[in-house]
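Inspection log for the structure reproduced underneath, given as structure tokens.
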Amino acid sequence: MVTTQEQVEANDLRLINKPKALDRNPVWVQAIITLVLTALALITLLPILNVLAMSLSEAHAIYEHPLMLVPYSVTLDAYKYIFSTSVLLKSFGVTVFATVVGTFFNLLVTITGAYALSKTKMPGSRMLLWFCIFPMLFGPGLIPTYILLKNLHLLNSVWVLVVSGLVVPFNLILMRNFFWSIPEELEEAMRIDGASEMGILWWMIIPLSKPAIATIGLFYAVGHWNDFFTGLFFITDNTKWPLQVLLRSIVIDMNALNMRGVSTTISQDASKIMLTPENIKAASIIFAVVPILLVYPFLQKYFVKGIMLGSVKG
Amino acid sequence: MRKIWHWRYFYLLLAPTLLYFLVFNYIPFYGIVIAFKNFQPFKGVWESPWVGWKNFDTMFSSVKFPELIRNTVLISFYRLLFGFPVPILFALMLNEVRTMWFKRTIQTITYFPHFLSWVVFGGIVFNVIGPSGIVNLVLGNLGFEPLNLAANPEVFRSLVVVTGILKEFGWAAIIYLAALTGIDPHLYEAVKVDGGGKLRQIWHITLPGIRPMIAMLLILQLASILDAGFEQILILSNPVVYSVGDIIDTYVYRVGLLEANYGLATAVGLFKGVIAAVLIVSANHIIRRTGEKSLW
């Protein structure tokens with residue numbers, strides 16, 4: 001049933017959710033579909049709720065109710081603990097730096113580059129476009145990249161998190177396709193009024209492209225927040241580790257191997273204040289999830305639109 | 001020349017992008033010569049001695065190599081076999097839901113894991129399959145021995161395929177849902193007039209309607225068969241499961257960066273890169289031949 005209130009809601013998901021002229025199903029078919037979909041949603045949701053509840057419970061409660069979905073003997077000790085360790089806060093700082101500064105430069109370079117590439121009349125534009133697409137098809141591989149970064153003295157520098165993925169070809173093409181779809185006549189009108197090329201980009205193209213810029217900005221920001229490989233490959237100094245790399249040593253290695261120095265120190269300190277590794281792991285996971293959760297409404301709104309823009313045109 | 005001068009500002013705007021790709025994606029190609037050298041970091045790329053095809057000989061003659069190829073291709077193949085239909089079925093089911101709040105809730109929940117990193121999702125997975133996770137508690141209650149699912153070669157590939165599906169099926173369905181909205185409702189009417197029931201409508205209208213999308217994604221996934229899920233496998237695997245779970249990418253990382261055997265790692269990486277490039281170019285060719293909109 002589509003209510004009028006929902007029709008009014010300007011939600012991008014609605015476009016996709018538009019009801020079909022398909023026949024109604026018999027009740028038992030509807031029941032099965034509802035059941036299967038509910039099961040899939042629960043399989044996704046419950047493990048996350050379990051971790052959230054564990055992060056908020058006291059150590060003994062975790063052993064008594066391992067499958068808890070709501071916290072028992074609520075305490076914020078695990079969070080107090082992870083905020084008291086400089087290791088995690090430092091990592092958090094590195095990742096925030098990479099996300100904020102990185103996304104800024106990503107957008108700056110991607111927008112200007114995509115705008116120029118959207119001008120198909122520009123001499124050589126086709127060749128230059130290919131120059132930017134080719135890296136998607138064939139790359140030099142991990143070791144040559146590693147040696148390049150070593151020669152550029154970017155190894156063990158937080159700047160490697162910013163510059164090594166400065167332009168993602170896919171995002172560049174997405175942005176270009178968006179600019180390309182803006183009618184040429186609008187620009188001509190501004191040009192006749194005496195606007196400079198930079199003025200046109202700043203005063204007309206960028207304001208017109210806010211949704212596309214938001215989409216691609218979010219693509220980049222989530223990419224930085226979740227970036228694991230750049231830190232793993234190119235930063236060996238664990239005081240400069242981004243969050244995801246540190247998180248692996250807390251959450252994963254403590255599970256399987258417990259060989260990294262960081263996780264050992266954390267577990268030793270933690271035992272003094274009546275916390276189990278499960279508490280720390282759960283709180284660290286939630287700590288990394290919360291920012292994603294905060295931008296999730298925007299992600300849903302824009303990403304759905306974003307993946308529809310794909311494919312190279314022109 | 002005057003024409004180029006006329007466009008000078010645009011070239012200037014494009015310059016940072018071109019410079020980035022030049023430095024980070026083109027210049028490193030010179031490093032590929034390491035595959036033919038005995039690379040010694042203190043001597044640098046040029047000064048290190050040439051060894052011809054030695055690294056490739058080592059690669060092709062090692063017992064590890066067939067294992068890597070087998071693991072990579074098998075894991076990709078299982079993903080395709082079991083994972084590919086899931087988002088399609090999920091989209092078809094969602095398409096039948098008429099209660100909008102229910103549909104939107106399901107979508108909101110199932111899209112979410114796509115935005116989590118594999119480190120975080122892996123942590124959640126380990127919690128579920130760990131000694132006090134639900135899987136082992138259920139097994140325990142049924143009177144079975146607890147299973148160490150996190151380090152068990154017998155179930156590792158299944159673990160990779162299943163967790164991969166759980167993380168991405170919701171997100172992957174979006175593209176099919178979008179294609180479903182593009183189907184002309186009158187077509188369903190036509191089938192109904194001819195006396196066709198529900199299943200006939202799905203078979204004759206819905207599936208053909210999303211066929212181009214299915215074909216394209218299938219070809220693309222086949223083309224990326226050498227990408228078996230680097231980040232996921234790096235997170236989920238450990239030395240106990242290397243015999244079934246070590247793939248080309250994880251091997252290159254371990255041998256190259258952790259064991260500093262640069263020459264061999266570069267050779268293996270180059271081998272993979274060349275095959276992957278050939279596959280993706282062929283994929284585009286096939287998509288174009290079938291008359292669909294090609295990638296480029």
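Proteins come first, then strands; the chains are lettered A, B, ... in the order of their sequence lines, and each starts at number 1.
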Tell me, side chain or backbone of [X] under 4.5 Å from chain B's heavy atoms, or both, or neither?
X        : value
A/Ser196 : neither
A/Leu172 : side chain
A/Leu52  : neither
A/Tyr146 : side chain
A/Leu149 : side chain
A/Thr34  : both
A/Ile286 : neither

message: Tell me whether the rings of A/Phe131 and B/Phe21 are parallel (<30°), tilted (30 to 60°) or perpendicular (>60°).
response: perpendicular

- request: Describe, in one word, how the ring planes of A/Tyr296 and B/Phe112 are oriented to each other, choosing from parallel (under 30°), tilted (30 to 60°) and perpendicular (over 60°).
  value: perpendicular

Check [X] against [Y] and note the closest heavy-atom contact, atom names and distance.
X        : Y        : result
B/Pro28  : A/Pro140 : CB-CG, 3.5 Å
B/Val120 : A/Gln244 : CG2-OE1, 4.1 Å
B/Tyr30  : A/Ile147 : OH-CG2, 4.3 Å
A/Val109 : B/Thr17  : O-OG1, 3.3 Å
A/Ala41  : B/Ile109 : O-CG2, 3.5 Å
A/Ile252 : B/Ile235 : CG2-O, 3.4 Å

For chain B, which of [options] has the most heavy-atom pairs under 4.5 Å?
options                                : result
A/Thr112, A/Asn151, A/Leu46            : A/Thr112
A/Cys132, A/Ala282, A/Gly165           : A/Cys132
A/Ser284, A/Ser164, A/Gly223, A/Gly124 : A/Ser164
A/Pro297, A/Gly139, A/Ala114           : A/Gly139
A/Gly141, A/Pro123, A/Pro169           : A/Pro123
A/Ile43, A/Thr145, A/Leu128, A/Leu108  : A/Leu128

Which bit of [X] is near chain A, if near means a heavy-atom gap under 4.5 Å: side chain, backbone, both or neither?
X        : value
B/Leu236 : neither
B/Ala265 : both
B/Phe29  : both

field: Side-chain (A/Asn226) to main-chain (B/Phe115) donor-acceptor, under 3.5 angstrom
entry: yes

- prompt: Looking only at atom types and distance, does a side-chain atom of B/Tyr11 sit under 3.5 Å from a main-chain N or O of A/Met122, one as donor and one as acceptor?
  reply: no

Roughly how far, to the nearest 0.5 Å, is the [atom2] atom of [Y] from the [atom1] atom of [X]?
X        : Y        : atom1 : atom2 : value
A/Ile32  : B/Glu96  : CD1   : CD    : 12.5 Å
A/Glu197 : B/His6   : CD    : NE2   : 7.0 Å
B/Leu257 : A/Leu142 : CG    : CG    : 4.5 Å
B/Asn127 : A/Leu67  : CG    : CG    : 9.0 Å
A/Leu148 : B/Tyr26  : CG    : OH    : 14.5 Å
A/Leu247 : B/Trp118 : CG    : CH2   : 14.5 Å

query: Should A/Leu299 and B/Tyr111 count as side-chain neighbours, where that means a heavy-atom distance under 4.5 Å?
result: no

query: Taking the side chain as C-beta and beyond, is there a heavy-atom pair between A/Lys121 and B/Trp7 under 4.5 Å?
result: yes

message: Under 6.0 Å between ring centres: does that hold for B/Phe230 and A/Phe229?
response: yes

Highest number of heavy-atom pairs under 4.5 Å with chain A: which of [options]?
options                               : result
B/Gly133, B/Gly256, B/Gly31, B/Ala15  : B/Gly31
B/Val45, B/Ile134, B/Val97            : B/Ile134
B/Asp184, B/Thr105, B/Leu166, B/Ile32 : B/Ile32
B/Leu116, B/Val125, B/Asp249          : B/Leu116
B/Ala277, B/Gly269, B/Gly44           : B/Ala277
B/Asn25, B/Ile34, B/Leu187            : B/Asn25

message: How about CG on B/Leu199, more than 12 heavy atoms from neighbouring residues, nucleotides or ligands closer than 6.0 Å, or not?
response: no

message: With side-chain contact (heavy atoms from CB on, under 4.5 Å) as the criterion, how do A/Asp227 and B/Ser117 come out once you've worked through the C-alpha distance, each side chain's angles and the decisive distance to 0.1 Å?
response: CA-CA 8 Å; A/Asp227 182 13; B/Ser117 68; over 6 Å; no

query: Under the side-chain contact (heavy atoms from CB on, under 4.5 Å) criterion, do B/Val23 and A/Leu152 qualify, and how do the steps go?
result: CA-CA 10 Å; B/Val23 172; A/Leu152 293 175; 4.1 Å; yes

message: With side-chain contact (heavy atoms from CB on, under 4.5 Å) as the criterion, how do B/Leu13 and A/Met198 come out once you've worked through the C-alpha distance, each side chain's angles and the decisive distance to 0.1 Å?
response: CA-CA 9 Å; B/Leu13 287 174; A/Met198 298 297 150; 3.9 Å; yes

- prompt: Would A/Val163 and B/Phe24 satisfy side-chain contact (heavy atoms from CB on, under 4.5 Å), going step by step from the backbone distance to the final call?
  reply: CA-CA 9 Å; A/Val163 296; B/Phe24 288 91; 4.0 Å; yes

